Amino acid sequence: MPREVILVDSQLGNLDSVEHALIQVGASVIVSSDPDRVATARMVVFPGQGSFGPTTRALVDGAMGAALRMVIERGDPFLGICLGMQLLFEHSEESGGFDGLKVLPGRVRRFPADMRAGEDPESARLKIPHMGWSDVQPTGEHFYFAHSYYVETTDPSLAMWWCRYGSVEFPATIARGNVFGCQFHPEKSQWSGLRFLRSFILGGRA
């Protein structure tokens with residue numbers, strides 16, 4: 001029987017591709033923006049695109065933020081995707097600075113504007129946002145990223161996988177107990193992304 005997953009609609013991006021990917025890996029998906037429904041979920045996926053700002057502050061401080069914390073504290077499986085992962089942490093410097101859900105230790109920082117493609121100071125300047133396919137270690141697989149900000153955690157043991165962009169190495173995925181997160185977009189990462197989602201649905205770590 002398919003595993004029921006609540007896909008949180010928090011007005012932070014298009015859910016269609018995430019919903020389709022979850023269905024592909026065997027989930028029974030219910031899209032909900034109702035905090036009461038989310039609070040009683042046995043498995044939650046929280047995707048996000050865009051930025052920290054007034055919308056995320058309203059979410060963090062409101063009923064949906066309380067519902068997400070309830071799921072996490074109860075021990076049910078939780079996956080945050082992209083901005084959804086970043087919101088698990090304490091604070092972001094984006095948009096002048098906004099707090100996250102404070103579930104995990106760490107901050108969200110912007111990639112340096114002057115990063116170069118190589119060690120030579122004359123090498124090409126890297127574009128921000130970091131957008132496109134990048135390899136993730138230690139898997140060696142490639143996943144699709146689209147972000148200008150990254151997590152800098154005070155607990156390196158949170159990171160399952162890592163990615164490097166220019167001079168910055170950042171967590172590509174995080175895990176602590178029932179809480180998982182990925183900075184990449186699994187729904188845009190073809191078979192590698194589907195394998196990651198399937199592992200989450202089945203209760204594994206990928």
Side-chain angles (χ1 to χ4, degrees), residues 1-50 52 55-56 58-60 62-89 100-104 108 136 139 141-147 151 158-161 171-206:
M1 186 172 180
R3 186 77 181 269
E4 183 178 283
V5 177
I6 297 297
L7 181 62
V8 179
D9 180 4
S10 55
Q11 308 301 310
L12 293 175
N14 185 357
L15 301 180
D16 290 348
S17 57
V18 180
E19 181 182 9
H20 179 68
L22 288 168
I23 291 171
Q24 276 190 279
V25 298
S28 173
V29 181
I30 297 174
V31 178
S32 181
S33 59
D34 178 3
D36 291 335
R37 183 67 183 88
V38 173
T40 61
R42 308 309 299 181
M43 178 174 279
V44 170
V45 174
F46 178 38
Q49 299 179 32
F52 272 79
T55 300
T56 59
L59 183 152
V60 166
M64 184 60 79
L68 297 174
R69 292 188 190 93
M70 190 178 299
V71 171
I72 290 168
E73 291 168 5
R74 193 171 59 234
D76 288 313
F78 179 97
L79 172 64
I81 297 174
C82 197
L83 180 60
M85 180 182 102
Q86 294 180 0
L87 279 165
L88 291 168
F89 290 84
L101 291 164
K102 301 183 180 179
V103 172
L104 300 173
V108 179
V136 166
T139 72
E141 292 187 88
H142 284 71
F143 294 84
Y144 189 87
F145 291 83
H147 61 124
V151 168
L158 285 173
M160 290 195 306
W161 302 342
T173 62
I174 57 95
R176 172 176 284 175
N178 60 306
V179 180
F180 299 85
C182 56
Q183 184 60 68
F184 53 78
H185 288 272
E187 75 281 8
K188 298 179 181 178
S189 298
Q190 299 179 1
W191 291 112
S192 294
L194 292 177
R195 279 194 295 270
F196 176 84
L197 289 175
R198 181 168 175 78
S199 293
F200 171 72
I201 296 300
L202 295 177
R205 300 188 71 178

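The model shown is predicted, which means the values in this text are computed figures rather than measured ones.
- The closest side-chain heavy-atom distance from F184 to F145 is below 4.5 Å.
- To the nearest 0.5 Å, atom CG of residue L7 and atom CD1 of residue I23 are 9.5 Å apart.
- Contacts classified as salt bridge (charged side-chain N to carboxylate O under 4.0 Å, His left out) and involving residues 13-31 (residues at least two apart or in different chains) are not found.
- Distance check, rounded to the nearest 0.5 Å: OG1 of T56 to CE of M64 gives 14.0 Å.
- Atom CG of residue L68 and atom CD1 of residue I6 lie 11.5 Å apart, to the nearest 0.5 angstrom.
- Side chains of I201 and M43 form a contact here, defined as non-hydrogen atoms less than 4.5 Å apart.
- Between the T173 side chain and the C182 main chain, no donor and acceptor come within less than 3.5 Å of each other.
- Inter-residue side-chain proximity for V29 and V18 is flagged as unmet; no heavy-atom pair is nearer than 4.5 Å.
- Annotation: the span from H147 atom NE2 to Q86 atom CD amounts to 8.0 Å, rounded to 0.5 Å.
- With a 4.5 Å cut-off on side-chain heavy atoms, L87 and L12 count as touching.
- The two residues R42 and P77 have their closest heavy-atom pair at O-CD, 3.2 Å.
- For the residue pair V8 and L15, the shortest heavy atom distance occurs at O-CD2, 3.8 Å.
- Here the side chains of V44 and D76 are not in contact, with every heavy-atom distance at 4.5 Å or above.
- Of all the heavy atoms in F143 and G193, the pair that sits closest is CE2-N, 3.9 Å.
- R74 places a side-chain N or O within donor-acceptor distance of the main-chain N or O of A39, the cut-off being under 3.5 Å.
- Interatomic distance, F46 CZ to L79 CG, rounded to the nearest 0.5 Å: 11.0 Å.
- Between M160 atom CE and F196 atom CZ the span is 5.0 Å, to the nearest 0.5 Å.
- Listed here is the closest heavy atom pair of E187 and S17: CG-OG, 3.4 Å.
- Side-chain contact between F78 and L88 is present, with at least one heavy-atom pair separated by less than 4.5 Å.
- Checked options S33, P47, S32; the residue passing with D9 is S33 (criterion: side-chain contact (heavy atoms from CB on, under 4.5 Å)).
- Annotation: side chain of H185 is in contact with side chain of C82 (closest heavy-atom distance under 4.5 Å).
- Counting only heavy atoms from C-beta outward, the side chains of V60 and F52 never approach each other to under 4.5 Å.
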